[in-house]
Every structure is written in C-alpha cells, then in structure tokens.
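Atoms within a ligand are numbered from 1 in the order they appear, just like the ligands themselves.
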Amino acid sequence: MKFTDLGLCPELLAGIEKLGFETPTPVQAEVIPFLLENDNDVVALAQTGTGKTAAFGLPILEQLNTDSRIPQALILCPTRELCMQIARDLESYASAMRGVNVLAVYGGSDIRQQLDALSRGVQIVVATPGRMLDIIRRKRVNFSAIDRVILDEADEMLNMGFEEDIKAILSDVPDSAQTLLFSATMPKEVARIAKNYMTDAHEITCGSRNVGTENVTHQYYVVHAKDRYRALRRIVDAYPRMYGIVFCRTRIETQQVADNLRKDGYNAEPLHGDLTQQQRDSVMKKFREHHVQVLVATDVAARGLDVNDLTHVINYNLPDELASYTHRSGRTGRAGKEGISVAIIHMREHHKINRIQKALGRTFTQCMVPTGEEIARIRLMAMAERVRDWDGGPGLIDNYLEELNTMLADVSKEEIIKRFASIDLHRLLLFYRDAPDLNAQASERQGASREPNRYADGPRPSSREKRETHEPRKMTTGMVELCMNVGKLNGMTPKKLMAMVNVADRDSSVDIGRINIVKMQSYFEVSRPEAQSVIDSFSKSHVDCEGRQVSVAMAGNSRPRPEGGARPPKRKNPQSTGQRPYQEQSRDDRPFDRDQDGPRKGGRGQGGPKKRH
Ligand code: AMP
C-alpha cells in the first residue's frame with residue numbers, strides 16, 4: 001500500500017513526501033482509511049514509534065475546515081515534550097497546506113502566550129491534560145466545534161495521574177466528537193476509560209497486546225548486585241557505536257550512575273526530575289543531536305523523548321511493572337530499525353525475566369558479560385575497521401603527508417599500527433588487563449570470594465573514587481544515617497546541610513549527628529524517630545542547592561528498625577532502602593496542579609457519519 005492509495009489530498013501527500021515517508025506503517029494503513037470513512041470511536045493498541053502521530057494527524061488535517069479558526073481537534077498527551085513533538089509533526093505534514101493553525105499548550109511555560117494564541121484562533125490544540133483543564137476553567141477556549149479528541153499514550157497519561165483531568169476535559173467537548181484512544185498497553189484503567197467514555201469503539205491492534213516491538217532483541221546479563229555498574233561499563237564498552245538510554249529506578253541512582261560514567265570518561269548525561277525543566281531540555285537536545293552517547297534516565301523523565309535511532313535500551317534495574325518494560329524497550333527498534341533491550345539482573349531475578357518473557361511472548365537471550373580481553377579485542381577491531389573504511393575525506397591531510405612520512409620514515413608499518421592502536425586504546429587495555437569475570441555463575445563456579453554487598457545496586461567505586469567516597473561505618477547509638485543527593489561539588493558544607501534540614505523540616509528542630517560530605521553526596525546522622533520525617537520533608541518541599549533539587553534517602557547501611565523491634569526483613573530490592581522508585585511521578589514532572597471534576601455525563605450521541613469539511 002502507498003500513501004497515494006489512502007485518499008489524502010495532494011498537499012498532504014506533498015508534505016509527507018518531503019519528510020521521506022514512502023509507505024504507510026501498519027498503524028497508518030489501518031487507521032487512516034478508517035478515520036476518513038467512519039465516525040466510530042477508535043481504540044488503537046500501538047507501541048510508541050509506530051507512526052501513530054501521522055495515523056491520527058493526517059485524517060485530522062485532511063478533514064480540517066481551514067476557513068474557520070475555532071478548535072476542531074483536541075489531542076491530549078502526557079508530556080510537554082511529546083506535546084511539542086506532535087504539534088511540530090502536524091505542522092510538517094501540513095507544510096504544503098494553507099491556513100492550518102496548530103497550538104501546543106503545556107504546563108511549565110507562560111500561560112498568557114498560550115491564551116493569546118488561542119484567542120487569535122487555532123484549529124488543532126495539542127495539550128497536556130493539566131494545562132488544558134486550567135485553560136478550560138478560565139473559560140478561555142471554545143470547544144463547541146471539536147469533532148475529534150485524541151488520547152495519545154493513554155496508558156502513560158493514566159500512569160501519571162491524569163485520569164480525573166481527562167474525564168473533566170472530555171466532559172467539556174461535544175458528545176458527538178469522535179474519540180480516539182492510542183495506548184501501547186491496555187491496563188484496566190485504560191480499558192475503563194474506553195468503556196465509560198467511548199461508544200462502539202472500533203478496536204485496532206497493531207502487534208498483539210503488551211507485545212514488545214518485533215525489531216527488538218531482548219538480552220539479559222546475570223551479575224552480583226555489587227557488580228551492576230561494572231557490568232554496565234563493559235556492555236557500553238563492548239558496543240563502541242552504542243547510542244542508548246540506561247533506565248534507573250530512582251533519581252539518586254540515576255544521578256550516581258551518570259556521574260560515575262562521566263567520571264570514568266563516558267559521554268553520558270543524567271535525566272531525572274531533580275533537574276530543572278531548562279536542564280532537562282538541554283540534556284534532551286544534546287542527546288537528540290547525538291552529542292551525548294548514553295542517557296541515564298528515570299522512566300518519568302524520559303517520557304516524551306522522541307528518538308528513533310537508539311541502538312540500546314539498558315535496564316540497569318528491571319522495573320516492577322510489565323508496562324514499564326514494554327515502554328522502555330519500545331524506545332529502541334523504532335521506525336523499522338533493529339534495537340537491543342538489555343536487562344542487568346542479579347541471580348534472584350531470573351523469575352522476573354521469566355514473567356516478562358511469558359507476558360511478551362518473546363524469548364530473552366542470556367548473554368555473558370564480556371571479559372576484559374573480549375572488550376579489548378572488540379575495541380581494537382572496531383578501530384581497525386574505522387581506519388580500513390575511512391574514505392580519506394577531501395584530502396585535508398595531504399599538505400602534511402610529506403612531513404609525516406619523513407618523521408615516521410624509520411618506523412616500520414607494524415610498529416606504526418601498534419603505536420596508533422596503543423595511543424587510542426592504552427587506557428582501556430590497561431583498565432581491562434586482568435579484569436575479573438563478572439558473570440554471576442562464573443564467580444560461583446570459580447568459588448570467588450563473595451565480598452560483603454556494600455555497594456549493592458549502586459556503582460562500585462574505583463580505588464581512586466574510594467578515597468573520595470563515604471565508607472559505611474558504625475552508627476552512633478540511636479541514630480540512623482541519611483544520604484543527601486548533593487555534596488562538595490554542589491558547594492555543600494556542614495553548616496549549609498544543617499540549615500537545609502531544619503528549613504525543610506519546619507515542624508521540628510532536628511538534631512543532627514555526624515556529617516560526612518563527599519564529592520556528590522552528603523551523609524548525616526539523625527535520631528531514629530526523626531529520620532522518616534526528614535526524608536518526607538525534603539520530598540514535600542522544594543529545597544534547592546545550586547540548581548539541583550535536594551532529596552534525602554536512607555543511607556544503605558542504616559535502615560531504621562521499628563522501635564524496640566526486630567531486624568527488618570532482608571532487603572529484596574532497592575525499593576526497600578527507603579528510596580521510593582518512581583517517586584518523581586509525584587509532582588515536578590507533572591505540568592500542573594490538578595483538582596477533581598465530575599466525569600463526562602452520558603455517552604456521546606449516535607448517528608450516521610458526521611459531515612466533515
Ligand atoms: P510516531 O510513532 O508517530 O512518533 O513516529 C515514529 C517515527 O517514525 C517518527 O520519527 C516519524 O517521523 C517516523 N514515521 C512515521 N511514519 C512513517 C512512515 N510512513 N515512513 C517512515 N517513517 C515514518
């Protein structure tokens with residue numbers, strides 16, 4: 001099937017030809033003709049990156065009344081980034097059309113400009129739910145002519161707590177509007193929205209339910225938890241052309257892993273909710289433009305990052321929810337490209353892999369963490385390949401060749417190869433010389449001594465780092481140790497730390513014991529009963545330290561016991577450290593404060609196909 005077979009006008013065909021789209025993707029081939037012919041609601045199960053935007057965007061543009069400047073289509077999506085992306089995409093499809101006005105409205109930016117643009121008149125509104133509801137409540141938008149509502153990435157919107165906002169918005173659009181719901185997964189909550197707010201929905205499934213993209217290969221590596229970071233380094237080293245996202249569970253872990261990668265010489269950046277919107281935008285831009293090779297991110301912060309050519313997605317920890325794994329892995333293998341989804345697991349997590357395999361109906365391959373020698377060989381061969389295939393460029397080096405030849409006249413070809421390779425890879429070869437086997441089974445087999453698991457689930461510091469690192473030690477009686485995500489490099493001092501703790505926890509004056517400030521973290525003791533209140537006070541209030549939002553969690557070795565109680569149960573996963581995974585889902589990734597509102601009343605009107613312009 002070709003785009004010309006879909007019944008689109010020449011202007012739209014010209015627009016998509018300019019973008020280089022030749023054949024419709026499966027979701028486009030199904031959805032576009034359906035929307036052009038029918039008025040039924042649609043529920044489409046489609047992964048991210050399958051071409052959904054054009055699937056709903058082209059019919060909207062095809063049937064738009066460009067003579068009117070009243071909103072006719074409303075597209076709701078979970079994040080500001082996705083919102084801007086969809087608006088940009090629609091504008092580029094419509095590049096050869098006249099009189100099309102698309103407006104993106106999202107939280108975290110000046111509402112006045114958005115209100116002004118609305119009053120000038122637009123036909124398509126792309127919005128995040130919180131900001132849209134704000135505008136509706138200010139009565140600054142007229143939705144009486146809306147005849148299509150798109151809920152894009154519905155599962156993500158519900159995950160982020162937008163259900164009530166969506167219901168309130170749906171109650172403001174005419175009952176006769178056609179509603180389209182796109183979702184990568186179909187959890188109960190999404191099915192409920194479909195049931196309550198859609199009529200006779202036509203179901204389209206592109207790929208089966210909850211199935212990861214076909215083009216993704218799923219791999220896993222089994223290591224001891226203490227070796228997680230070292231395994232990550234080796235995986236990155238073994239793929240010299242990697243362009244990928246490493247997913248972590250918490251902001252603190254994300255920052256630590258990114259900091260360690262950077263310290264170890266990798267081109268990596270963190271992306272999480274502690275960064276300001278500006279910092280996040282800048283990181284995403286650098287990553288999109290390939291100026292950053294490895295992005296270390298939390299699930300929430302990475303939402304809406306639209307990148308098509310990721311070679312790898314790495315699960316530094318497996319997520320708890322299957323849907324999160326599907327979303328993570330669906331970020332690679334997009335737009336017809338191949339991708340690899342990697343999970344680094346420890347021995348007791350095999351069952352999690354089995355569960356995901358079963359649910360996705362895909363086989364996961366267990367891979368061995370490459371040895372130092374293998375990595376050295378891979379990197380050498382990659383370099384040799386680059387040299388062999390280098391086409392010489394436009395002769396920029398020619399002017400210097402004679403001088404170079406003279407200088408190296410007495411060195412043999414073999415020696416030159418050896419020296420060039422060594423110069424480039426000396427540090428790597430040195431680092432991996434005598435490096436141990438990190439595969440969990442291997443160390444079991446070799447009877448390797450099991451070190452105490454001090455750095456479980458966190459990057460293991462190198463010996464150089466250890467000097468700069470906080471060593472777990474004996475606690476003062478009655479005290480527990482907390483860890484703050486800022487340290488010396490953020491200008492932290494004991495005085496500042498005490499002030500921050502007492503400012504954050506206004507309800508009480510906190511007694512602080514020993515303080516240890518290292519490069520990127522600060523450790524401090526508080527009395528056991530006060531620990532949780534201090535942690536909570538930082539998560540509730542916005543305390544800033546040189547541009548970073550400060551957060552506090554239990555330090556690894558000092559979980560409080562219930563007063564007079566027994567030891568806490570053995571730790572199963574990093575969640576139980578007191579660092580709440582996905583904690584950034586709470587506030588600052590969400591664009592707008594939400595209130596409740598009643599659901600949309602009644603179903604929408606029936607009737608034959610509506611007349612569209
Ligand atoms: P989406 O799922 O809409 O975010 O699209 C994922 C990516 O695929 C985007 O970068 C689109 O530009 C690209 N894309 C969408 N449709 C096509 C097509 N028919 N042919 C080639 N690329 C496409």
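- A side-chain N or O of Q114 and one of R131 form a donor-acceptor pair less than 3.5 Å apart.
- The 12-atom threshold is exceeded at CD of E289, counting heavy atoms of other residues, nucleotides or ligands nearer than 6.0 Å.
- R241 and Q293 share no donor-acceptor pair across their side chains, judged by distance under 3.5 Å alone.
- Only the side chain of Q28 comes within contact range of ligand 1, with a heavy atom under 4.0 Å; no backbone atom does.
- Checking T254, V294, I235, V342 one by one against V246, the side-chain contact (heavy atoms from CB on, under 4.5 Å) holds for a single residue, V294.
- Here Y243 and H290 bring their ring centres to under 6.0 angstrom of each other.
- Residue-to-ligand polar distances place G51 within reach of ligand 1: an N/O pair is separated by less than 3.5 Å.
- For ligand 1, one of its N or O atoms has an N or O atom of T53 under 3.5 Å away.
- Counting the atoms of ligand 1 from 1 in the order shown, those under 4.0 Å from a heavy atom of T25 are 16 (N), 17 (C), 18 (C), 19 (N).
- Taking a cutoff of 4.0 Å between a charged side-chain nitrogen and a carboxylate oxygen, R137 and D172 do not qualify as a salt bridge.
- Within the listing of ligand 1, atoms 19 (N) sit less than 4.0 angstrom from a heavy atom of F3.
- The contact set between ligand 1 and T23, taken as ligand atoms under 4.0 Å from a residue heavy atom, comprises 18 (C), 19 (N), 20 (N).
- Residue K52 places at least one N or O, backbone or side chain, under 3.5 Å from an N or O of ligand 1.
- Not a single heavy atom of I16 sits under 4.0 Å from any atom of ligand 1.
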